[in-house]
Structures are given as C-alpha cells and as structure tokens.
Amino acid sequence: MSRDPAKSRPLSENVKRMMWLERAAPRNQNVLNAQRVWTENDTIYCQKQGKLFMEAAAMGFPMSSFVPLYMTSQLAGVIDYNFSSSNGVGSALEDLLQIPALMQNPRSIIESLYWIEEILENADETENKSMLLAHAYEADLKHTPKALLALPETENSSIDELSYAYWLGYIYRCECIMHDESSRMVYSAFTEDIMRKAYTDVVSSPMNDRDLSDCAKEICVELDRLLVEEIWPQRKHRRYM
C-alpha cells in the first residue's frame with residue numbers, strides 16, 4: 001500500500017501507451033482489441049465493490065479520501081488478482097469462482113484498510129513493512145484506527161452520496177474487468193473528481209432511468225472516449241494512431 005495513496009506513483013509511459021491502445025482500438029484498425037466475454041460473475045463482482053464503497057460512504061468516509069486509499073491498496077490488488085481474466089479462465093471455471101469471505105463483510109475490509117494504513121504511516125522508513133504488519137497482528141495490536149474513531153456516531157444516510165458511492169465502486173470494477181487492468185491503473189486514469197463529474201452527467205442523462213447493470217459498459221465506453229480524446233491529449237499520443 002502507498003504511504004500516501006493520493007500521491008501513488010504515476011503510471012509509466014509504456015503502461016499509459018498500452019491503456020491508450022486498448023481504448024483507441026475501435027478507431028485504430030492496426031490494433032487488435034480482444035473483446036472480453038462478460039459473465040454473470042462479473043456483474044456480481046461489480047455489485048460487491050459497489051456495496052463496499054457504499055458502506056464506506058455510510059460510515060462517513062468521503063469518496064475523495066476513500067477512493068485513492070482503496071484503489072491503490074494491496075486489498076484492491078488482491079481482488080484484482082482473484083478476478084482477473086488474464087489467464088483466460090473459461091466459463092465453466094468461472095462458475096466455480098468464489099468471492100473471498102472478506103467480501104461478505106464490507107466493514108471488515110474498510111477497517112482493515114485503515115488499520116494497515118495507520119501502521120504504515122507510523123513506521124520508520126528502514127523497517128520491513130510486511131514484517132511490521134505481521135508482528136502487529138500477532139501481538140493483537142489491531143486497534144481501532146484514528147480514522148474510524150473520528151467518524152460521526154450516526155451513519156451517513158444521504159441518498160445522493162450513497163448512490164454515488166455505489167455507482168463509483170461498480171464502475172471502477174467494471175472498468176478493471178473490461179480492460180483486465182488493476183485498480184491502481186484505473187484510478188490513475190480516472191481520479192475521483194473525474195468520476196464525480198461523469199456521475200453528474202449520467203444522472204442528468206436518459207441513462208439515469210436505466211438499471212446500472214444494463215448501462216455500466218456504455219458508461220465505461222464513454223469514460224474511455226473521454227480518456228483518449230480529452231484527458232490524455234491526442235497530440236501526446238498521435239504517434240500511436
């Protein structure tokens with residue numbers, strides 16, 4: 001996990017180039033864009049992450065601080081690894097995949113996330129972070145992180161914020177699955193402020209009347225177009241076209 005998630009190391013130019021080529025493929029006949037077959041399990045994974053983000057919002061964490069912490073964390077990396085399509089898992093095997101037990105309790109993920117971050121923030125630069133966490137856990141030092149202690153006593157019940165948080169978690173996971181990319185990669189391309197603007201646009205569009213599971217991929221396609229044509233200026237990538 002990054003010591004400062006909001007300042008997670010930027011993507012290399014080569015990684016950005018591969019991400020750009022993947023998204024630009026429909027407009028570039030020289031690039032083979034392998035279409036991933038979407039499965040029912042993929043929808044479930046998106047829904048689970050949506051519920052995780054919604055739980056964080058309900059607990060009182062603003063998405064502007066929760067998103068960079070989660071999306072650059074080792075916990076998100078574990079989920080990326082478990083549900084990656086990079087190994088070409090067939091549909092028969094996909095039916096056997098199980099979401100980790102931890103995913104059944106979103107609050108446990110959030111508490112673990114902030115516990116790990118607090119341990120790392122207080123660590124000395126010379127200390128082995130993996131060993132430090134292992135020793136802390138063995139010593140039963142899994143205390144309540146300050147971030148949790150500072151939360152309001154009553155949960156956030158704002159329908160608008162909870163809806164946005166669910167949408168955000170869902171679309172982030174959908175983007176990861178569609179392109180077989182890590183949470184860190186997707187977050188580096190689409191920061192929370194970009195996603196909030198996209199959500200506002202969706203709410204004011206006809207897609208707002210549709211089920212998220214029916215239009216999520218369309219939303220991701222529009223985000224990809226935004227990334228290729230506006231966020232990453234075309235002139236910087238003109239040599240790939």
Side-chain angles (χ1 to χ4, degrees), residues 1-8 42-83 99-122 133 137 142-177 181-200 202-203 212-213 216 219-220 223:
M1 180 186 298
S2 167
R3 290 293 300 279
D4 186 350
K7 296 181 180 178
S8 178
D42 294 329
T43 300
I44 292 174
Y45 305 154
C46 293
Q47 292 170 341
K48 287 291 183 180
Q49 184 158 291
K51 290 178 181 177
L52 172 65
F53 277 50
M54 187 168 63
E55 177 68 22
M59 291 171 69
F61 290 111
M63 288 297 100
S64 58
S65 60
F66 177 76
V67 166
L69 177 65
Y70 172 79
M71 294 294 284
T72 62
S73 71
Q74 293 177 355
L75 288 174
V78 169
I79 296 173
D80 296 336
Y81 177 78
N82 276 279
F83 305 137
I99 294 175
L102 193 60
M103 287 298 284
Q104 301 303 323
N105 187 351
R107 187 174 288 261
S108 292
I109 295 180
I110 297 165
E111 291 176 352
S112 297
L113 191 64
Y114 281 92
W115 177 77
I116 292 171
E117 180 66 9
E118 188 167 298
I119 295 293
L120 295 183
E121 281 183 349
N122 295 326
L133 289 171
Y137 189 81
K142 194 174 180 183
H143 59 281
T144 303
K146 293 178 181 178
L148 296 177
L149 291 173
L151 292 178
E153 293 184 5
T154 56
E155 289 200 341
N156 179 10
S157 58
S158 168
I159 297 300
D160 290 340
E161 277 304 302
L162 296 180
S163 296
Y164 167 61
Y166 181 85
W167 179 93
L168 186 60
Y170 193 111
I171 295 300
Y172 267 136
R173 180 52 50 188
C174 183
E175 189 73 27
C176 289
I177 293 173
E181 292 171 349
S182 70
S183 293
R184 189 182 79 83
M185 289 170 65
V186 170
Y187 169 72
S188 293
F190 302 108
T191 53
E192 190 271 335
D193 57 328
I194 292 172
M195 297 294 271
R196 187 175 284 275
K197 172 66 167 58
Y199 176 73
T200 301
V202 168
V203 168
L212 182 56
S213 59
I219 293 171
C220 288
L223 281 169

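Just so you know, these numbers use all the heavy atoms, side chains as well, and skip hydrogens, waters and symmetry mates.
In this structure Lys197 satisfies the salt bridge (charged side-chain N to carboxylate O under 4.0 Å, His left out) test together with Asp201, sequence neighbours excluded. Partners of Phe190 by ring pair (Phe, Tyr, Trp, His ring centres under 6.0 Å), not counting sequence neighbours: none found. Here Thr200 pairs with nothing under the side-chain contact (heavy atoms from CB on, under 4.5 Å) rule; sequence neighbours left out. Residues passing the side-chain contact (heavy atoms from CB on, under 4.5 Å) test with Ser182 are Asp80, Arg184, Met185, sequence neighbours excluded.
Here the shortest heavy-atom pairing between Ser183 and Arg173 reads OG-NH2, 3.3 Å. Closest approach of Thr144 and Leu148 over heavy atoms only: CG2-CB, 3.7 Å. Between Met63 and Ala56, the closest heavy-atom pair is CE-CB, 4.1 Å. When all heavy atoms are compared, the tightest approach of Leu52 to Pro106 is CD1-O, 3.6 Å. When all heavy atoms of Ser213 and Thr43 are compared, the closest pair comes out as CB-CG2, 4.3 Å. Listed here is the closest heavy atom pair of Ala58 and Leu162: N-CD2, 3.6 Å.
Ile109 CD1 to Lys48 NZ: the interatomic distance, rounded to the nearest 0.5 Å, is 9.5 Å. How far SG of Cys176 is from CE of Met71: 5.0 Å, rounded to the nearest 0.5 Å. With rounding to the nearest 0.5 angstrom, the OH atom of Tyr114 is 10.0 Å from the OG atom of Ser73.
Counting only residues at least two apart or on different chains, the side chain to side chain donor-acceptor pair (under 3.5 Å) pairs with a member in residues 145-158 are Arg107-Glu155. Residue pairs that meet the side chain to side chain donor-acceptor pair (under 3.5 Å) test with at least one member in residues 160-170, sequence neighbours left out, are Glu161-Arg196, Tyr164-Glu192.
No side-chain heavy atom of Thr191 sits less than 4.5 Å from a side-chain heavy atom of Val67. Contact check for Phe53 versus Gln49: side-chain heavy atoms found under the 4.5 Å cut-off. Side chains of Glu55 and Lys51 form no contact here, defined as non-hydrogen atoms less than 4.5 Å apart. Contact of the Leu168 side chain with the Tyr199 side chain is not registered, since no non-hydrogen atoms from C-beta on lie closer than 4.5 Å. Between Ile119 and Ile116 the shortest side-chain heavy-atom distance does not fall below 4.5 Å. In this structure, Leu223 and Met195 have side chains that are in contact, with non-hydrogen atoms separated by less than 4.5 Å.
Here the two rings, on Tyr172 and Tyr70, have centers that are 6.0 Å apart or farther.
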